[in-house]
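Inspection log for the structure reproduced underneath, given as structure tokens.
Letters A, B, ... are given to chains in the order of the sequence lines, protein chains preceding strands, and every chain is numbered from 1.
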Protein chains: 2
Amino acid sequence: MTAQAHPAGLSSAEQTRLKLLDAAAELFATKGFRDVAVRDICGKAGANIAAINYHFGGKDNLHLAALDHARRRALAEEPYPAGPPAAGPLPPQDKLHRHVRGMLGRAFATGPASWYVNMVLREMVDPSPALAHAIDDNIGPHQRRLEGIVAQLMDREAEDREVRDLAAGITAMAVYYHACRAVITHTEPDRVFDQAEADRLTDLIVRFAVAGIEGLAR
Amino acid sequence: MTAQAHPAGLSSAEQTRLKLLDAAAELFATKGFRDVAVRDICGKAGANIAAINYHFGGKDNLHLAALDHARRRALAEEPYPAGPPAAGPLPPQDKLHRHVRGMLGRAFATGPASWYVNMVLREMVDPSPALAHAIDDNIGPHQRRLEGIVAQLMDREAEDREVRDLAAGITAMAVYYHACRAVITHTEPDRVFDQAEADRLTDLIVRFAVAGIEGLAR
DNA sequence: CATTGATTCAATCAATCGTTTTAAATTGGG
DNA sequence: CCCAATTTAAAACGATTGATTGAATCAATG
């Protein structure tokens with residue numbers, strides 16, 4: 001009645017559940033929660049229209065489940081940037097570089113590893129009932145880590161008002177290249193957003209931010 | 001048959017047209033194009049549901065007309081920041097301060113003068129068919145002006161790739177406090193976004209940007 | 001083999017959207 | 001004063017949305 005012994009070790013129900021989560025995460029990441037109809041998701045997953053409500057109890061709950069699913073898929077991948085997690089404590093400039101590079105790299109990537117970041121970035125700009133969930137799981141800790149780096153660079157407390165606002169400003173630059181791509185593409189149609197561009201922008205943003213923070217700390 | 005002599009000098013049709021434009025601009029600015037139903041606009045304007053299609057030929061055309069309407073209303077107001085447009089040529093730092101202060105001040109404002117900026121900011125993050133229109137009228141010239149200021153600060157050409165990207169980064173910080181307000185409010189529920197906050201953020205952003213640009217130019 | 005409970009399926013529901021239609025009311029020129 | 005053009009009003013249309021229904025299917029169990 002319940003679990004069936006399948007070749008892949010997954011019951012038929014678990015297979016459709018996973019196919020729905022994959023399809024939902026990819027579509028939500030690329031087109032946004034509100035611009036995707038449950039029919040699209042079921043069509044992409046090869047499932048029936050009623051499957052979402054049967055397995056998840058509605059589109060909103062599927063959204064939450066897809067966020068968690070995409071998060072697990074991203075965490076399962078090789079951490080970005082690749083390589084060992086550094087032997088000793090990094091200088092704050094390098095920490096900042098890794099931080100910004102991680103955001104832009106994933107934001108400009110495609111494929112399952114990029115779904116989560118793109119869903120979260122969309123959530124920041126076009127909030128849904130899942131925003132609080134995304135903040136608690138990702139945005140909040142992510143931002144607090146950045147505030148720690150900025151505080152270290154300024155030699156101040158992480159709770160300092162200016163530290164928080166400057167960290168938000170750094171996040172803003174990374175978010176901008178994801179959220180306002182339509183504006184950039186309009187004036188620079190040939191511009192591509194690949195990993196090389198992520199490298200270039202990361203260098204620029206980090207050099208700009210470090211110089212600005214040091215100039216401000218004086 | 002057409003124009004009727006009204007006390008206010010406006011025919012009944014022109015009155016309905018204006019009431020529709022005001023209602024549409026305010027609702028589009030506060031809730032976004034896609035989250036506003038034509039029924040809401042007509043209800044707020046006290047007009048019939050068919051009025052929009054009669055006067056403007058559809059919701060999309062109303063959006064374009066409301067953008068122009070809001071732009072004219074904003075230009076009719078006292079330019080912000082108030083005061084004389086400065087006697088001589090300002091130093092680039094002051095130009096940048098006026099530029100950022102103008103964006104944040106209008107973005108944090110309420111009332112008819114803020115409708116246009118809020119509509120344009122929404123357009124950047126959630127594009128509609130009116131995006132090209134908004135870019136040609138506002139975003140493009142606005143960004144080019146900022147690129148000129150940044151180029152002056154760096155002593156480079158305005159077409160320089162880094163100049164353009166740094167100008168985009170400055171815009172990004174201002175856009176962030178408008179587009180991601182839900183994220184900020186979630187972690188800092190008591191934070192208010194008024195003109196005093198616009199002053200504070202402008203100072204911070206300008207000092208940060210000037211220091212960063214000068215450090216980068218070396 | 002019949003039963004059982006979980007799953008899938010096609011069909012449909014109720015709500016909302018922008019838009020259109022049809023007729024009545026209003027308006028200003030003759 | 002009357003007529004033709006214009007404007008408003010109310011209803012409904014067609015499309016799309018997320019959600020639901022009830023029967024059919026499936027695999028495992030007794």
Side-chain angles (χ1 to χ4, degrees), chain A residues 1-25 27-28 31-67 126-130, chain B residues 1-25 27-28 30-67 122 126-130:
Chain A
M1 20 115 255
T2 51
Q4 168 205 3
H6 259 255
L10 293 174
S11 72
S12 169
E14 282 167 340
Q15 281 183 348
T16 48
R17 223 187 102 96
L18 275 182
K19 281 195 293 183
L20 281 174
L21 284 173
D22 273 342
L27 288 175
F28 288 159
K31 302 169 77 175
F33 177 68
R34 324 225 286 190
D35 283 354
V36 175
V38 292
R39 285 171 171 81
D40 302 334
I41 302 171
C42 294
K44 189 179 186 70
N48 188 266
I49 315 185
I52 285 181
N53 283 283
Y54 177 78
H55 284 282
F56 300 96
K59 191 188 179 187
D60 288 341
N61 285 337
L62 171 64
H63 190 205
L64 291 173
L67 261 173
D126 184 21
S128 81
Chain B
M1 22 124 272
T2 51
Q4 169 205 0
H6 258 258
L10 294 174
S11 72
S12 168
E14 282 168 340
Q15 281 183 347
T16 325
R17 226 186 102 93
L18 276 181
K19 282 195 293 182
L20 281 173
L21 284 174
D22 274 342
L27 288 174
F28 288 158
T30 54
K31 303 167 78 174
F33 177 68
R34 323 224 287 191
D35 283 353
V36 174
V38 293
R39 287 171 170 81
D40 301 334
I41 301 172
C42 294
K44 189 179 187 68
N48 189 264
I49 314 184
I52 285 181
N53 283 284
Y54 177 78
H55 285 284
F56 300 97
K59 191 189 180 186
D60 287 341
N61 284 338
L62 171 64
H63 191 204
L64 292 174
L67 263 173
R122 284 189 177 276
D126 184 22
S128 80

What residues from residues 35-52 of chain A pass a heavy-atom cutoff of under 4.0 Å to DNA chain C?
A:R39, A:N48, A:A50
Show the atom names and distances, to 0.1 Å, of all donor-acceptor pairs under 3.5 Å that link a side chain in residues 30-38 of chain B to residues at least two apart or in another chain.
residue : atom : partner : partner atom : Å
B:T30   : OG1  : B:E26   : O            : 2.9
B:T30   : OG1  : B:L27   : O            : 3.4
B:R34   : NH2  : A:D35   : OD1          : 2.5
B:R34   : NH2  : A:D35   : OD2          : 2.8
B:D35   : OD1  : A:R34   : NH2          : 2.5
B:D35   : OD2  : A:R34   : NH2          : 2.8

Given atom CG of B:N53 and atom P of C:dT20, what is their separation to the nearest angstrom?
6 Å
Not counting sequence neighbours, which residues clear side-chain hydrogen bond (donor to acceptor under 3.5 Å, both in side chains) with B:D126? List them please.
none
To the nearest angstrom, the CG-P distance between B:L27 and C:dC17 comes to 13 Å
D:dT7 phosphate, OP1 or OP2, under 4.0 Å from B:H55 side-chain N/O:
no
Using whole Å, report how far CG of B:N61 lies from C1' of C:dG18.
13 Å
Min side-chain heavy-atom separation B:R17-B:F56 under 4.5 Å:
yes
Measure the distance from OH on B:Y54 to C1' on C:dA23 and round it to the nearest whole Å.
15 Å
Under 6.0 Å from the NZ atom of A:K59, do we count more than 12 heavy atoms belonging to anything else shown?
yes
Could you tell me how far apart A:K59 (NZ) and D:dT16 (C1') are, to the nearest whole angstrom?
12 Å
B:H63 NE2 to C:dC17 P: how many Å, rounded?
17 Å
Testing the basics here: between B:A66 and B:A24, what is the closest heavy-atom pair and its distance to 0.1 Å?
CB-CB, 4.2 Å
Tell me the interatomic distance from A:R17, atom CZ, to C:dA6, atom P, rounded to whole angstroms.
16 Å
Member of A:T16, A:N48, A:I52 meeting the side-chain contact (heavy atoms from CB on, under 4.5 Å) criterion with A:C42
A:I52
Looking at B:T16, does any N or O in its side chain come under 4.0 Å of the phosphate oxygens OP1/OP2 on D:dT7?
no
Output the rounded distance in Å from CZ (A:F28) to C1' (D:dG18).
12 Å
